[in-house]
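The chains referred to below are lettered A, B, ... by the order of the sequence lines, with proteins before strands, and numbering in each begins at 1. Since the structure is predicted, the reported quantities are computational estimates derived from the model, not experimental observations.
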2 protein chains.
Amino acid sequence: MAKSQQPKAIFIMTAKQEKILKSALELFAKEGYKATSTSKVAKHAGVSEGLIFRHFTNKEGLLDAILKEGEEQAKLLFSDIVFETEPKEVLRKAFAMLENLQANKAALEFWKLQYKIKWETEKYGEHKTEPLELALASAFKKLGFANPEQEALFMLIIVDGIAMHYFLKQTFDLDAMIALLKAKYEV
Amino acid sequence: MAKSQQPKAIFIMTAKQEKILKSALELFAKEGYKATSTSKVAKHAGVSEGLIFRHFTNKEGLLDAILKEGEEQAKLLFSDIVFETEPKEVLRKAFAMLENLQANKAALEFWKLQYKIKWETEKYGEHKTEPLELALASAFKKLGFANPEQEALFMLIIVDGIAMHYFLKQTFDLDAMIALLKAKYEV
DNA sequence: TTCTATTATGTGAGTACTTACTTATTTTAT
DNA sequence: ATAAAATAAGTAAGTACTCACATAATAGAA
């Protein structure tokens with residue numbers, strides 16, 4: 001097996017390498033991983049197909065690079081919530097995060113891909129949401145909930161349900177649903 | 001285009017035809033629609049590949065047949081809830097439905113396929129859950145909720161979130177989560 | 001019943017095309 | 001001058017689907 005060059009590739013990237021990643025993210029999120037061929041990615045990125053394999057070893061390596069890059073984004077996105085100590089503020093910030101996501105096209109594409117990949121590969125990326133879950137559990141504990149860990153999990157379940165409806169249902173009113181959540185949790 | 005024979009095929013089915021449907025459901029739910037080739041389905045079902053196309057015209061026709069058969073199942077599953085008039089009993093029956101689903105392997109496979117297909121094809125099958133949503137809205141109205149339609153949608157969102165965690169997370173405790181829901185809705 | 005004509009069920013070997021991936025070669029940057 | 005970036009043209013295996021043919025079931029006439 002050839003040695004992978006991802007570790008440094010994350011930091012030093014050529015223009016074409018970035019184009020490949022961007023095209024792959026867009027196409028994987030739109031059509032799905034399996035349904036998107038490497039030749040389609042190459043055409044969309046305006047590069048030769050061989051270059052994909054030079055930079056990312058194989059199709060899976062391309063996906064891993066996208067997922068890894070997105071993980072950093074997720075950490076950044078959650079960091080504001082995770083380090084908040086005031087419990088009500090944790091919830092407020094979590095809901096605000098959902099609201100703000102709508103405007104960020106790149107982030108939306110990434111999260112949509114996350115869900116698609118989860119269903120396509122059957123591996124739930126628990127590690128990604130774990131710090132968020134802990135922060136929520138801590139907040140619910142401070143607020144006096146009977147079973148804070150379960151309440152935190154329940155909140156993540158709600159978020160996943162909302163994401164599903166948001167991404168797959170054209171008519172879904174995200175702001176209205178967040179308003180309902182705010183009322184329910186009194187924040 | 002050749003005339004389709006699905007309409008009557010739903011009622012009169014040969015043994016091999018049923019085997020194809022069963023294998024396809026199993027493989028589509030496990031590996032995904034795109035990732036499952038017709039040759040794999042044929043091998044798994046122990047029939048020639050050509051027979052699939054004789055009976056179901058094409059791969060999409062095979063999927064449609066599965067989805068259509070499952071729709072009948074869904075109607076049957078919901079009927080008990082839809083015709084219930086006592087609001088608390090509607091919620092109780094909805095939660096009971098979730099609990100009972102665990103034991104029904106065939107139904108579980110079908111619902112897992114539903115979610116996979118939703119993410120793969122980006123079409124949310126709203127029509128399937130619509131009667132359930134109406135029944136829930138009616139129940140929430142009787143219970144005096146401020147916005148019963150939105151509460152009903154919220155409940156479906158929770159169910160979808162739960163389904164996602166149940167199907168994709170190996171460690172998910174469904175019964176505990178249903179218990180939490182029962183407590184929250186006081187049923 | 002038995003023979004026969006007809007239809008429905010089923011197969012196996014093919015089709016053209018796409019797939020992920022490789023390799024030899026050229027272009028570009030240092 | 002050398003190494004990295006990029007390409008074009010491959011490859012073998014897989015894809016959905018077709019088609020000529022074989023087998024089984026069924027119905028009507030004798």
- Regarding B:Thr36 and B:Glu31, is there a side-chain donor-to-acceptor distance under 3.5 Å anywhere? no
- Task: Using atom CD of A:Gln17 as one end and atom C1' of D:dA4 as the other, report the distance to the nearest whole Å.
- Result: 12 Å
- Task: Would you mind reading off the distance between B:Ile52 atom CD1 and D:dT15 atom P, rounded to a whole angstrom?
- Result: 12 Å
- Rounding to a whole Å, what distance do you find between A:Glu49:CD and D:dA8:P? 12 Å
- Nearest-Å distance, CZ (B:Arg54) to C1' (C:dA8)? 8 Å
- Query: Given D:dA4, is OP1 or OP2 found less than 4.0 Å from the side-chain N or O atoms of A:His55?
  - Reply: no
- Task: Before accepting this row, confirm whether a basic side-chain N of the pair B:Glu122/A:Lys116 lies closer than 4.0 Å to the acidic partner's carboxylate O.
- Result: yes
- Item | Spacing of B:Asn58 atom CG relative to D:dT15 atom P, expressed in whole Å | 17 Å
- Give, ordered by number, those residues of residues 20-46 of chain A having at least one heavy-atom distance below 4.0 Å to an atom of DNA chain C; if nothing qualifies, reply none. A:Thr36, A:Ser37, A:Thr38, A:Ser39
- Which nucleotide, C:dT11, D:dA6, C:dA20, lies nearest any side-chain atom of A:Phe53? C:dA20
- Task: Output every pair passing salt bridge (charged side-chain N to carboxylate O under 4.0 Å, His left out) with a member in residues 80-89 of chain B, not counting sequence neighbours, ordered by first then second residue.
- Result: B:Asp80-B:Lys93, B:Glu84-B:Lys93, B:Glu86-B:Arg92, B:Glu89-B:Arg92
- Message: Check this for me, if you would: do B:Glu99 and B:Lys182 make a salt bridge, where the nitrogen-to-carboxylate-oxygen distance has to be below 4.0 angstrom?
- Response: yes
- Message: Using a strict threshold of under 4.0 Å (side-chain N to carboxylate O), is an ion pair present between B:Lys112 and B:Glu26?
- Response: no
- Message: Tell me whether the side-chain N/O atoms of A:Lys16 come closer than 4.0 Å to OP1 or OP2 in D:dA6.
- Response: no
- Compare the minimum distances between each of C:dA20, C:dG10, D:dA5 and the side chain of A:Lys59, then state the nucleotide with the smallest one. C:dA20
- Task: Using atom CD of B:Glu60 as one end and atom P of D:dT15 as the other, report the distance to the nearest whole Å.
- Result: 18 Å
- Message: Using the side chain to side chain contact (heavy atoms under 4.5 Å, CB included) criterion, which residues pair with B:Lys75? Sequence neighbours excluded.
- Response: B:Glu72
- Rounded to whole angstrom units, what separation is found between the CG atom of A:Leu63 and the P atom of C:dA20? 12 Å
- Task: Name the closest nucleotide to the A:Leu51 side chain, picking from D:dA6, C:dA20, C:dG10.
- Result: D:dA6
- Start with the C-alpha gap between B:Glu151 and B:Leu136, add the side-chain angles, then the distance that decides, and say whether side-chain contact (heavy atoms from CB on, under 4.5 Å) holds. CA-CA 8 Å; B:Glu151 288 286 347; B:Leu136 286 168; over 6 Å; no
- Query: Which of these nucleotides, C:dG10, C:dA20, D:dC17, is closest to any side-chain atom of B:Thr14?
  - Reply: C:dG10
- Check the distance between D:dA16's C1' and B:Phe56's CZ and give it to me in whole angstrom. 16 Å
